Amino acid sequence: MPITTTISIILKDNSKKEIPSGSTGLDLAKAISNSLAKKSVGLLLNNELRDLVTVLKDNDKIEIITQEDPRSYEFLRHSTAHILAEAVQNIFKGAKIAIGPVIEDGFYYDFEIPDHKLIPEDLLKIEKEMQRLIDEEQKFIKINIQDTDKQLQEFQLQGEKFKAELLNQYKNDNPTLYVLEDKSGKPVWNDLCRGPHIINSKQIKAFKLLSVSGAYWRADETKESLQRIYGTSWWSQEELDKYLKNLEEADKRDHRKLGRQLDLYSTHEETGPGLILWHPKLAFIRGQVEDYWKDLHGKNGYEFVYTPHIARTDLWNISGHNDFYKENMFYMTVDKQDYVLKPMNCPFHVLIFNSRRHSYRELPVRFAELGTVYRYERSGVMHGLARVRGFTQDDAHIFCRRDQYVEEIKGVIKLVDIIYKQFGLEYTAELSTKPKDAIGGKEIWDFAEAGLEQAIKEYGLEYKINPQDGAFYGPKIDFKLKDALGRIWQGATIQLDFNLPDRFKLQYIEKDGSQQQPVMIHRAIYGALERFAAIIIEHFAGDFPLWLSYKQVIVLPITDRHLEYAKKVETVLKEKNIRAGIDDRAESLNAKIRDAEINKIPYMAIVGDKESNENNVSVRMRKKGDLGKISLDTFVEQLSKEIEQKLISL
RNA sequence: GCCGAAGUAGCUCAGUGGUAGAGCAACGGUUUUGUAAACCGUGGGUCGUCAGUUCAAAUCUGAUCUUCGGCUCCA
């Protein structure tokens, strides 16, 4: 057989490149251009991320990943995590390493550190050690583990029980070890790892450790309790600074912080955790959000119902909640009868449907309710308005025929689209399919999943599939929404239910006189008003659009002699249903402006001599500053239009 | 629920065993102000709660409640 001295590589654009055999990805990059080699980080080799220094084979398909490619961060962060682990083991001698994966914008590493509890100050010490290791220009070397038993023994000898456990698990999958070598080529540290990694620690230009927290080995609370360090790393200090600034901005928008500053809501020890008291401003905003919802749903064929907050346990026995939802329910006993505080609205809506016979002609029936439910949440999970124990769902249940339900799903998707656009929120859809422990046969699941998929496709929505992530009672579409800072929140959900129609024996009379089971759809668009409030507070950073603002205009008289005209302006605005007020305090104009800005009031109408003589107002817009003088009539007209159109400006 | 941290005036925070502080807000007065803070004065806290150690506890210890960062779970 002839020995080939060159191999042929297929590049991203399907062109071919001949390089000497034994070349690595880095050699390939150099062969293309030196500037490319400088920016190169790793490879996409036959569709898998690999080290840049991987030796290439004939006919390999290669895409060189540079620092400009978002995928390059995976190499960087994963490698920074290794340096973190090395640093921690250098500082805390008995520390054992668990796992250290890349997460969005960063990485973490889990450790078991006997006799030491990490505190934030430790992070500085660890960062220093990491920098020292980075400056040592340590090389990442990949080694195939030939003798797993020997390696296993070594891990056990070192007390690296987590690595040993992992190696044992992966021993038949060609496990690899990454060894870090110092400049002299001496191995100084290693980790069982699939990679890929960067070549040299000096490529880590900007990193920061962010926080410490607890975690469990394999996310199992019965297993070892570990200490986790979170960090982030970037290709340049500028990138890191930008990221940290973004974190600060997110912190400023935190709805819990703004909730206090703007007097939006409170919780109290006396009421208990996760129970929200809505103050007037946020209650007003909620009212606007609810009115908009009612209007839209009324126009789209929904009928509104009200149902009680408690029901006898009997109801929850029939629905099955008392079995599968037990840990989340609040129970009480009255007159020796057991009651449950409702965790969901569906059983009530089902009872309304079942309270009389239905003809196929009446379907679909759509019952909607802003239903307040209570769920016991474990004490550590509460979070401001976003995760609470008592919350109001914008709930609705659709009962329809099999031949209707695709259209019904499309109708719900349309509402989701309209509503999210109204708030300037982007979203993505996810289709969750049959889980392992599901009720209902394959046939009905196939039918339901196909229908959901058809609806999404026909609507023209992009979506991804979450295999086996559906509810046990049916598949679902979840909507993840993205706020102004690009953060993802769980929003709307559309779920099919095969469970309740069965348990409550739901029926309607078909054309041929037979009794048929309707298809039942659960859906919520805001999700929960509490969480939605949290989302829009953070999305708008407290600067609510005019139609949502509790106070829309504050009139600022310059001196007392302008009070009379200021009152006139206020009256004119109020007559046009514009929510206006006057700041008549004996404060300087600057002070009044400052307070209005702090309270995030959208418009300030400043009135002095010039304005009162000409029936004008000087308009100042929140955050934008002085807009100049316009006539009072024009001002009213412009505001009315902005309110009418529910405009948003971010 | 679990791991870790925190709780001092309405808010933000200082105060490491010896008489509880600041700024802002509030209140009273003076100032009548042109696009992000006028000036003077006054009041306000059993230091989350309960127990313990001590001559003496905001400060040390324990329990408990709440909050925060995560884990797990979820609208």
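All values below come from the heavy atoms of this structure, side chains included, with hydrogens, waters and symmetry mates left out. Nothing here was measured: the structure is a model prediction, and the numbers come from that model. Within every chain, numbering begins at 1; the chains are lettered A, B, ... in the order of the sequence lines, protein sequences first and strands thereafter.
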- [ ] Would you mind classifying the nucleic acid contact of A:V388 as base, sugar-phosphate or nothing, using non-hydrogen atoms under 4.0 angstrom?
- [x] base

Open item on the list: Quick check: on RNA chain B, is the nucleotide nearest A:S588 upstream (toward 5') of the one nearest A:Q490, or the reverse? Name the residue that is more 5'.
Closed with: A:S588

- [ ] Compute the centroid of each ring, for A:F111 and then for A:Y109, and state whether the two points are separated by less than 6.0 Å.
- [x] yes

Open item on the list: My understanding is that only residues two or more places apart in sequence, or in another chain, count here; which of them pass side chain to side chain contact (heavy atoms under 4.5 Å, CB included) with A:K464?
Closed with: A:E430, A:N466

Open item on the list: Applying the Watson-Crick and G-U wobble criteria at under 3.5 Å, what pairs with B:A75? Answer none if nothing qualifies.
Closed with: none

Open item on the list: Measuring from the side chain of A:S211 (C-beta onward, heavy atoms only), which nucleotide among B:A75, B:G69, B:U32 has the closest atom?
Closed with: B:G69

- [ ] Assert yes or no for the condition that the ring centre distance of A:F532 to A:F423 is strictly below 6.0 Å.
- [x] yes

Open item on the list: Considering every strand and a 4.0 Å limit on heavy-atom distances, what is the contact class for A:H268: base, sugar-phosphate, or nothing?
Closed with: nothing

- [ ] Please lay out, stage by stage, how A:E530 and A:R375 fare under the test salt bridge (Lys or Arg N to Asp or Glu O under 4.0 Å).
- [x] CA-CA 14 Å; A:E530 284 73 9; A:R375 298 182 186 173; over 6 Å; no

Open item on the list: With hydrogens left out and only the distance checked, is there a donor-acceptor pair under 3.5 Å joining A:D560's side chain and the base of B:U32?
Closed with: yes

Open item on the list: Looking at A:R531 and B:C74, is any side-chain donor or acceptor paired with a base atom of the opposite kind under 3.5 Å?
Closed with: yes

Open item on the list: Both distances below 3.5 Å, Watson-Crick or wobble geometry, any strand: find the nucleotide opposite B:G34.
Closed with: none

Task: salt bridge (Lys or Arg N to Asp or Glu O under 4.0 Å) partners for A:D417, two or more places apart - done: A:K421

TODO: Could you tell me whether A:N328 contacts a base, only the sugar-phosphate backbone, or nothing, with contacts defined as non-hydrogen atoms closer than 4.0 Å?
DONE: nothing

Show each protein N/O and nucleotides 4-11 of chain B N/O combination with a separation under 3.5 Å, one pair to a line.
| unit_1 | atom_1 | unit_2 | atom_2 | d |
| --- | --- | --- | --- | --- |
| B:G4 | OP1 | A:K117 | NZ | 2.7 |

Open item on the list: Strictly by salt bridge (charged side-chain N to carboxylate O under 4.0 Å, His left out), give each pair with a member in residues 99-110 of chain A just once, sequence neighbours left out.
Closed with: A:D110-A:R228

Open item on the list: Without decimals, in angstroms, what is the distance between A:R387 CZ and B:G70 P?
Closed with: 14 Å

Open item on the list: Under a 3.5 Å cut-off for both contacts, is B:A22 paired Watson-Crick or G-U wobble with anything, and if yes, with which nucleotide?
Closed with: B:U12

TODO: Would you mind pulling out the nucleotide paired to B:A57, Watson-Crick or G-U wobble, both distances under 3.5 Å?
DONE: none

Task: Pair assignment for B:C68, Watson-Crick or G-U wobble, requiring both distances under 3.5 Å - done: B:G4

Open item on the list: Could you check whether the side chain of A:R620 and the base of B:A36 have a donor-acceptor pair of N or O atoms closer than 3.5 Å, going by distance alone?
Closed with: yes

TODO: Please work out if A:T493 contacts a base, only the sugar-phosphate, or nothing of the nucleic acid, heavy-atom cut-off 4.0 Å.
DONE: nothing

- [ ] Look at all strands and tell whether A:A586 reaches a base, only sugar-phosphate, or nothing, counting heavy atoms closer than 4.0 Å.
- [x] base

Task: Base of B:A75 and ring of A:F391 stacked, centres under 5.5 Å, planes under 30° - done: yes

Open item on the list: Under a 3.5 Å cut-off for both contacts, is B:C39 paired Watson-Crick or G-U wobble with anything, and if yes, with which nucleotide?
Closed with: B:G29

Open item on the list: Using a heavy-atom cut-off of 4.0 Å across all strands, would you classify A:K610 as base, sugar-phosphate, or nothing?
Closed with: base

TODO: For A:G625, answer base if it contacts any base atom (sugar-phosphate contacts may also be present), sugar-phosphate if it contacts only those atoms, and nothing otherwise; contact means non-hydrogen atoms under 4.0 Å.
DONE: nothing

TODO: Could you tell me the separation between the CG atom of A:L277 and the P atom of B:U66, rounded to a whole number of Å?
DONE: 15 Å

TODO: Answer yes or no: does a side-chain N or O of A:Y216 lie under 4.0 Å from OP1 or OP2 of B:G1?
DONE: no

Task: Nearest-Å distance for atom pair CD/P, residues A:E104 and B:G70 - done: 13 Å

Open item on the list: Atom NZ of residue position A:K480 - does it have more than 12 heavy atoms of other residues, nucleotides or ligands inside 6.0 Å?
Closed with: yes

Open item on the list: Walk me through whether A:W489 and A:E538 qualify under side chain to side chain donor-acceptor pair (under 3.5 Å).
Closed with: CA-CA 11 Å; A:W489 303 74; A:E538 302 204 4; 5.5 Å; no

Open item on the list: I want to check one thing: is the phosphate of B:C73, taken as OP1 and OP2, less than 4.0 Å away from some side-chain N or O of A:Y376?
Closed with: no

Task: Reference residue A:F324; test ring pair (Phe, Tyr, Trp, His ring centres under 6.0 Å); the match among A:Y473, A:F472, A:W316 - done: A:F472

Task: Under-4.0 Å side-chain N/O to phosphate OP1/OP2 contact, A:H562 with B:U32 - done: no

- [ ] Could you check whether A:G491 gets within reach of a base, just the sugar-phosphate, or nothing at all, counting any heavy atom under 4.0 Å?
- [x] sugar-phosphate

TODO: With C1' as the reference atom in both, quote the distance from B:U64 to B:G23 in angstrom, rounded to an integer.
DONE: 33 Å

TODO: Using atom CD1 of A:I477 as one end and atom P of B:A75 as the other, report the distance to the nearest whole Å.
DONE: 15 Å

Open item on the list: Give me the distance, rounded to whole Å, that separates B:G10 from B:C27 when you measure between the C1' atoms they each carry.
Closed with: 13 Å

TODO: Report yes if a donor N or O on one partner sits less than 3.5 Å from an acceptor N or O on the other, where the partners are the side chain of A:E327 and the base of B:G1; otherwise report no.
DONE: no

Task: Value in whole Å for how far the C1' atom of B:C73 lies from CZ of A:F472 - done: 16 Å

- [ ] Tell me, yes or no, whether the heavy-atom count around A:Q468 atom CD, taken from other residues, nucleotides or ligands under 6.0 Å, exceeds 12.
- [x] yes

Open item on the list: What verdict does the side chain to side chain contact (heavy atoms under 4.5 Å, CB included) test give for A:V569 and A:F635, after you've listed the backbone C-alpha separation in whole Å, the side-chain angles of each residue and the deciding distance to 0.1 Å?
Closed with: CA-CA 10 Å; A:V569 171; A:F635 184 51; 5.6 Å; no

TODO: Any strand is fair game: report the nucleotide pairing with B:G45 by Watson-Crick or G-U wobble, both distances under 3.5 Å, or none.
DONE: none

Task: Nearest-Å distance for atom pair NZ/C1', residues A:K600 and B:A36 - done: 13 Å

TODO: Determine the Euclidean distance between corresponding C1' atoms of B:U72 and B:G15; express it in Å to zero decimal places.
DONE: 39 Å

Open item on the list: Once you apply a heavy-atom cut-off of 4.0 Å, does A:S225 come out as touching a base, just sugar-phosphate, or nothing?
Closed with: sugar-phosphate

Task: A:R523: partners by side-chain hydrogen bond (donor to acceptor under 3.5 Å, both in side chains), with sequence neighbours left out - done: A:H297, A:Y302

Task: A:R228 side-chain proximity, nearest of B:C71, B:C74, B:G34 - done: B:C71

- [ ] Indicate, with a heavy-atom threshold strictly under 4.0 Å, whether A:E611 touches base, sugar-phosphate, or nothing.
- [x] base

- [ ] Consider the side chain of A:R375, meaning its heavy atoms from C-beta on, and name the nucleotide among B:A38, B:C74, B:U33 that approaches it most closely.
- [x] B:C74

TODO: Select base, sugar-phosphate, or nothing to describe what A:Y526 touches, counting heavy atoms under 4.0 Å on all strands.
DONE: nothing

Open item on the list: What contact category does A:M604 fall into here, base, sugar-phosphate, or nothing, at under 4.0 angstrom with non-hydrogen atoms?
Closed with: nothing

Open item on the list: I need the CG-C1' distance between A:L209 and B:G69, as an integer number of Å.
Closed with: 15 Å

Task: Short side-chain N/O contact to B:A37 OP1/OP2 from A:N590, under 4.0 Å - done: yes

Open item on the list: Given the structure, check if the side chain of A:E377 and the base of B:A75 hold any donor-acceptor pair shorter than 3.5 Å.
Closed with: yes

Open item on the list: Whether A:R256 contacts B:C68 is assessed here as follows: a side-chain N or O lying under 4.0 Å from the phosphate OP1 or OP2. Is that the case?
Closed with: yes

Atom pairs under 3.5 Å: protein N/O with N/O of nucleotides 22-29 of chain B:
none

